[in-house]
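See structure below.
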Amino acid sequence: MTETEAWSWEHAAAVLPALLEGLQITVLATVVGMVIAAILGLVVAVVRRSSLRVVTVPVAVVVEFIRSTPLLVQLVFANLIFTQFPSLAIGCVVLGVHYATYMSEVYRAGIDAVPKGQWEAAIALDLPRRRTWTAVVLPQAVRNTLPGLGNYAISMFKETPFLFAIGVVEMYTAAQQYGGNNFRYIEAITMVGLLFLLVSYPTSLLVRRLENRLA
């Protein structure tokens, strides 16, 4: 095959600026979504440890519902309901809420891993419950959950292409638009894959290194 039939470096270079702009949106959605997921996931994990079933049961139902429905459907549904908000903001929130349900389990495992003696020592010192959580339990639990949270951050980054369904022009959408306008998809899609690889692979190595250090 000739270069024109198989691959064109000219088109690969031409699509790159649009993809880099899309990458900024992709990273922004990932960072904001990760912050929401990390905070909300911790709240959910703590709430689900409550002894009040009137609180824990509704939260458990909502969590299971979110986990059992596709992210793509959640994005489209939220975008249809909350039309007064920008699509990017909706996408960030939906990503955050979706992954918070998974991160809550990571936090739960981290909390359960805190030695029983730590709880008993806090009780022996007559520490208030809030102080026990903030000064004793959570610092140890969060430290143990960092690798798991990092893995979910990478997964969220790789699922940002679903934002195309609500009109957010991230990397994948930018590639599709270029391909549609120039009838050259192979260069655009290949460059998207490479950019995802360049960001996610080094991040996964950092997460793995962190996991080994905390092991």
Side-chain angles (χ1 to χ4, degrees), residues 26-71 74-75 78 82 85 89-160 199-215:
T26 297
V27 171
L28 175 63
T30 303
V31 171
V32 175
M34 184 61 187
V35 171
I36 294 172
I39 296 174
L40 183 59
L42 179 58
V43 172
V44 170
V46 173
V47 168
R48 294 192 69 177
R49 292 181 64 87
S50 171
S51 58
L52 299 175
R53 289 182 59 83
V54 69
V55 175
T56 58
V57 172
V59 172
V61 170
V62 172
V63 167
E64 292 304 320
F65 175 79
I66 293 175
R67 285 183 190 167
S68 302
T69 54
L71 175 60
Q74 295 170 13
L75 285 167
F82 302 105
F85 297 106
I90 293 173
C92 292
V93 172
V94 172
L95 281 171
V97 172
H98 183 85
Y99 273 90
T101 62
Y102 295 99
M103 290 186 183
S104 66
E105 288 300 305
V106 177
Y107 283 122
R108 182 191 60 78
I111 293 171
D112 290 343
V114 175
K116 186 178 179 180
Q118 298 289 325
W119 296 88
E120 294 173 345
I123 294 174
L125 293 172
D126 197 26
L127 291 179
R129 185 173 179 82
R130 182 176 181 180
R131 180 68 175 169
T132 299
W133 276 98
T134 57
V136 179
V137 178
L138 291 182
Q140 297 180 69
V142 170
R143 179 177 180 273
N144 294 332
T145 61
L146 288 178
L149 299 181
N151 287 326
Y152 277 122
I154 295 171
S155 296
M156 185 186 298
F157 174 70
K158 292 188 292 185
E159 288 199 341
T160 52
V199 175
S200 62
Y201 184 66
T203 305
S204 67
L205 293 179
L206 290 175
V207 170
R208 191 178 308 167
R209 182 176 180 181
L210 178 61
E211 188 173 2
N212 291 334
R213 291 186 62 179
L214 295 178

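Treat the numbers as computed from the prediction; the structure is a model and nothing was measured. Excluded from the calculations below are hydrogen atoms, water molecules and symmetry mates; all remaining heavy atoms, backbone and side chain alike, are included.
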Which heavy atom of [X] sits nearest a heavy atom of [Y], and at what distance?
X	Y	result
Ala78	Ile90	CB-CG2, 3.8 Å
Thr203	Val199	OG1-O, 2.7 Å
Gly91	Leu75	CA-CD2, 3.8 Å
Ala113	Asn144	CB-ND2, 4.3 Å

Please tabulate, for the side chains in residues 149-156, all donor-acceptor contacts under 3.5 angstrom to protein atoms that are two or more places apart in sequence or on a different chain.
| from | atom 1 | to | atom 2 | distance (Å) |
| --- | --- | --- | --- | --- |
| Asn151 | ND2 | Pro147 | O | 3.3 |
| Ser155 | OG | Asn151 | O | 3.2 |

Review point. Can you tell me how far CZ of Arg108 sits from OG1 of Thr145, rounded to the nearest 0.5 angstrom?
Key: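 Here the interatomic distance stands at 12.5 Å.
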Exercise for review: Measure the CD1-CD distance between Ile66 and Gln74 for me, rounded to the nearest 0.5 Å.
Suggested key: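 Spacing of CD1 (Ile66) from CD (Gln74) equals 6.0 Å.
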For residues 33-59, tabulate all N or O donor-acceptor pairs below 3.5 Å that involve a side-chain atom, not counting sequence neighbours.
| from | atom 1 | to | atom 2 | distance (Å) |
| --- | --- | --- | --- | --- |
| Arg49 | NH1 | Asp112 | OD1 | 2.7 |
| Ser50 | OG | Leu52 | N | 3.1 |
| Thr56 | OG1 | Leu52 | O | 3.3 |

Check your understanding: Would you find a donor on one side and an acceptor on the other, under 3.5 Å apart, between the side chain of Gln140 and the backbone of Val136?
Key ->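 Yes, the answer is positive, given that a donor and an acceptor are paired below the 3.5 Å cut-off.
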Point to revise | Whether over 12 other heavy atoms sit under 6.0 Å from Arg131 CZ | key: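 No - once you tally the heavy atoms of other residues, nucleotides and ligands closer than 6.0 Å, there are 12 at most.
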Practice item. Taking side chain to side chain donor-acceptor pair (under 3.5 Å) as the test, write out the residues that go with Glu159, two or more places apart. Key: Tyr99
Exercise for review: Evaluate side chain to side chain contact (heavy atoms under 4.5 Å, CB included) for Val32 paired with Leu95, printing each intermediate quantity in order.
Suggested key: CA-CA 9 Å; Val32 175; Leu95 281 171; over 6 Å; no
